[in-house]
Amino acid sequence: MSKVLAKNFYDRKTPIVAEELLGKNLVWRIGEKITILPITEVEAYDGFEDKASHAHKGLTERNKVMFGDAGYWYVYLVYGMYCMLNIVTGNKGYPAAILIRGAGDITGPGRLTKALRIGKTLNGKKASRALGLWIEDAGVVVPKKEIKKSPRIGVAYAGPIWAQKKYRFVWRCASDT
DNA sequence: ACGATGATGAAC
DNA sequence: TTCATCATCGTA
C-alpha cells in the first residue's frame, strides 16, 4: 500500500524529513501518464539562520511559500534556465524546504524538472493527487548505511558554518561505492 | 573552464 | 532603473 505523504510528515524538523524522503516515491501524473521515481538525493534548507537558504534575508515575493504550511511545492528559477523543485517543511511562519536534487535515474535538480517538465506553475501548490504531483510512501526503508550525508552544493557564499553543514542526503546503493 | 540566460533583491 | 548574483548544465 502506498500512502500519500501529507502535512504530518513534512511538518517536522527539516533534516529529519529530508533524510526520510530518500526512498519515497515522487509521483507525477499528466493525464493518463504516470511517472514514479524513487527519491535519491535531497538538500535541507532550514530556518531564518541558514545563510544558504533563500529565507535568511526575510520574507520576499519569491520565497514566501517557504514561510507557509508544510507539504506545498516551492518552485523557482535559477541561472535563468532551470527550475528547482522543493517541498516546504516546518510550521507555518518557519521558513524551511527541501530541494529534490535527484530521483530515479535522474541526477541533478535542473535535469529532474527538465525531464518531467515541471515549471513554476506548481509554485505554492499543495502536493496532492489532485494536483498531479505528490510524494508517497511505498514502504521502502533505506538502510542508514546507504545514506550519505555531505555539504550542500553551490552554497559557498553562505560562509563556512552553513556551507559546511551536512544537509545533503544521498541514497547510495550498496552495489556502487 | 566557461558561457547561456533571466528572475530576483538591493542599491542608487 | 541598473547591477551583481545566483540551491545549474552542456559543451569544450
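Just so it is clear: chains get the letters A, B, ... in the order the sequence lines come, proteins before strands, and each one is counted from 1.
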Open item on the list: Please classify the nucleic acid contact of A:G80 as base, sugar-phosphate, or nothing, using heavy-atom distances under 4.0 Å.
Closed with: base

Open item on the list: Under 4.0 Å, heavy atoms only, any strand: does A:R152 hit a base, just the sugar-phosphate, or nothing?
Closed with: nothing

Which listed nucleotide ([options]) is nearest to the side chain of [X]?
X	options	result
A:R111	B:dG9, C:dA7, C:dC9	C:dC9
A:K57	B:dA10, C:dA7, B:dA7	B:dA10
A:K120	B:dA7, C:dA7, C:dC9	B:dA7
A:T60	B:dG9, C:dA7, B:dA7	B:dG9
A:M81	B:dG9, B:dA4, B:dA7	B:dA4

Task: Interatomic distance, A:N63 atom CG to A:H56 atom NE2 [nearest 0.5 angstrom] - done: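 With rounding to 0.5 Å, CG (A:N63) is 11.5 Å from NE2 (A:H56).
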
Task: Rounded distance in Å between the P positions of C:dT2 and B:dT5 - done: 22 Å

Task: Structure string for DNA chain C in dot-bracket form, Watson-Crick and G-U at under 3.5 Å, | interchain - done: ||||||.||||.

Task: Short side-chain N/O contact to C:dA7 OP1/OP2 from A:Y74, under 4.0 Å - done: no

Open item on the list: With clusters defined by side-chain heavy atoms of hydrophobic residues (ILVMFWY) lying less than 4.5 Å apart, directly or transitively, does A:L131 cluster with A:I135?
Closed with: yes

Task: Single-linkage hydrophobic cluster A:V42~A:Y167, side-chain heavy atoms < 4.5 angstrom - done: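 Unlinked, A:V42 and A:Y167 end up in two clusters.
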
Open item on the list: Under 4.5 Å side-chain heavy-atom separation, chaining through any Ile, Leu, Val, Met, Phe, Trp or Tyr, what else clusters with A:V4? Say none if it is isolated.
Closed with: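 For the cluster that includes A:V4, the remaining residues are A:V27, A:I34, A:I36, A:W134.
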
Would you kindly give the [atom1]-to-[atom2] distance between [X] and [N], to the nearest whole Å?
X	N	atom1	atom2	value
A:M84	B:dT5	CE	C1'	14 Å
A:I153	C:dA7	CD1	P	13 Å
A:I106	C:dG10	CD1	P	12 Å
A:I100	C:dA7	CD1	C1'	13 Å
A:K51	C:dC6	NZ	P	14 Å
A:Y82	C:dG10	OH	P	5 Å
A:M66	C:dA7	CE	P	11 Å
A:H54	C:dC6	NE2	P	10 Å

TODO: Only one of A:R172, A:R101, A:K148 passes side chain to side chain donor-acceptor pair (under 3.5 Å) with A:E41; say which it is.
DONE: A:R101

TODO: Check whether any side-chain heavy atom of A:V17 lies under 4.5 Å from a side-chain heavy atom of A:F9, and answer yes or no.
DONE: yes

TODO: Please collect all ring-ring contact (aromatic ring centres under 6.0 Å, His included) contacts where either partner lies in residues 79-113 of chain A, sequence neighbours excluded, each pair once.
DONE: none

Open item on the list: Using only atom types and a distance under 3.5 Å, with no angle test, would you say the side chain of A:E19 pairs donor to acceptor with the backbone of A:F169?
Closed with: no

Open item on the list: Any N or O donor-acceptor pair under 3.5 Å from the base of C:dA7 to the side chain of A:Y76?
Closed with: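 Looking at the base of C:dA7, it does pair with a donor or acceptor on the side chain of A:Y76 (distance under 3.5 Å).
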
